[in-house]
K.L.:
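Structure provided below as structure tokens; questions to follow.
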Amino acid sequence: MVIVRADGVTAAPARPLAAAAGADEPAVRTTKDWQLSLHLVEERDSTRVHAVLDAGGTVLHSDAYARRNPLDDPAPAVGDEFAVGRALIDLGHQLLRAGTRHATGPAEE
């Protein structure tokens with residue numbers, strides 16, 4: 001079978017996953033659960049959060065902080081969002097560094 005795209009380019013159809021892995025090898029599917037725990041503490045005009053990510057045996061921690069500008073109206077939910085967002089960004093950076101280390105070795109980081 002040959003596929004001709006709208007721009008006139010001819011392409012072969014993609015092989016199914018099982019065929020790509022080999023006709024004798026079934027496609028492998030893995031399901032994983034990672035657990036994220038967020039502990040928030042609000043004190044007056046500040047919010048602190050401690051985030052813990054259990055990534056299937058690798059446990060990452062992050063601490064973040066948000067403080068209300070004295071000129072802004074009190075809105076504790078906003079402080080929560082900023083503090084948690086900062087903690088999640090930090091966890092994301094940690095995951096990317098870990099992935100880089102595992103993929104390329106410590107010298108490439």
Side-chain angles (χ1 to χ4, degrees):
M1 176 182 200
V2 175
I3 297 173
V4 179
R5 297 187 332 207
D7 60 3
V9 174
T10 304
R15 295 185 297 166
L17 185 58
D24 298 335
E25 297 177 28
V28 177
R29 182 179 202 168
T30 304
T31 302
K32 300 176 183 181
D33 288 315
W34 289 9
Q35 300 297 316
L36 175 65
S37 173
L38 300 168
H39 179 74
L40 287 82
V41 176
E42 293 176 1
E43 290 183 26
R44 295 187 182 198
D45 293 332
S46 67
T47 303
R48 293 185 185 280
V49 64
H50 179 73
V52 180
L53 176 65
D54 182 346
T58 300
V59 179
L60 303 174
H61 298 264
S62 179
D63 291 299
Y65 177 78
R67 182 183 61 81
R68 181 179 70 89
N69 183 323
L71 301 177
D72 293 340
D73 292 331
V78 173
D80 295 351
E81 292 164 349
F82 274 103
V84 170
R86 290 171 179 156
L88 294 176
I89 288 170
D90 180 54
L91 287 174
H93 289 158
Q94 291 182 48
L95 284 169
L96 291 170
R97 285 192 300 270
T100 300
R101 266 194 315 277
H102 292 137
T104 61
E108 296 293 324
E109 192 174 329

K.L.:
Going by heavy atoms in the side chains, are L36 and L88 under 4.5 Å from each other?
P.N.:
yes
K.L.:
Supply the atom-to-atom distance R67 CZ to N69 CG, rounded to the nearest 0.5 angstrom.
P.N.:
6.5 Å
K.L.:
Take a 6.0 Å sphere around CG of D73 and say whether it holds more than 12 heavy atoms from other residues, nucleotides or ligands.
P.N.:
no
K.L.:
Sequence neighbours left out, what pairs pass side-chain hydrogen bond (donor to acceptor under 3.5 Å, both in side chains) with at least one residue falling in residues 26-45?
P.N.:
D45-R68
K.L.:
Going by the side-chain hydrogen bond (donor to acceptor under 3.5 Å, both in side chains) test, which pairs reach into residues 75-86, not counting sequence neighbours?
P.N.:
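Sorted result for residues 75-86: empty, none.
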K.L.:
Kindly work out whether a path of hydrophobic side-chain contacts (I/L/V/M/F/W/Y, heavy atoms less than 4.5 Å apart) joins L95 to V49.
P.N.:
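Linked, L95 and V49 end up in one cluster.
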K.L.:
Quick one: side chains of residues 50-61, donor-acceptor pairs under 3.5 Å with protein atoms, not counting sequence neighbours, listed by atom name and distance.
P.N.:
{"unit_1": "H50", "atom_1": "ND1", "unit_2": "D63", "atom_2": "OD1", "d": "2.6"}
{"unit_1": "H50", "atom_1": "NE2", "unit_2": "H61", "atom_2": "ND1", "d": "3.3"}
{"unit_1": "D54", "atom_1": "OD1", "unit_2": "G56", "atom_2": "N", "d": "3.3"}
{"unit_1": "D54", "atom_1": "OD1", "unit_2": "G57", "atom_2": "N", "d": "3.0"}

K.L.:
State plainly whether one hydrophobic cluster holds both L40 and L91, where clusters connect Ile, Leu, Val, Met, Phe, Trp and Tyr through side-chain heavy atoms under 4.5 angstrom apart.
P.N.:
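In one cluster with L40: L91, yes.
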K.L.:
Please give me the minimum heavy-atom distance between A87 and A64, naming the atom from each residue.
P.N.:
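Closest approach of A87 to A64, heavy atoms only: N-CB, 3.6 Å.
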K.L.:
So V78 and D72, do their side chains get closer than 4.5 Å, heavy atoms only?
P.N.:
no
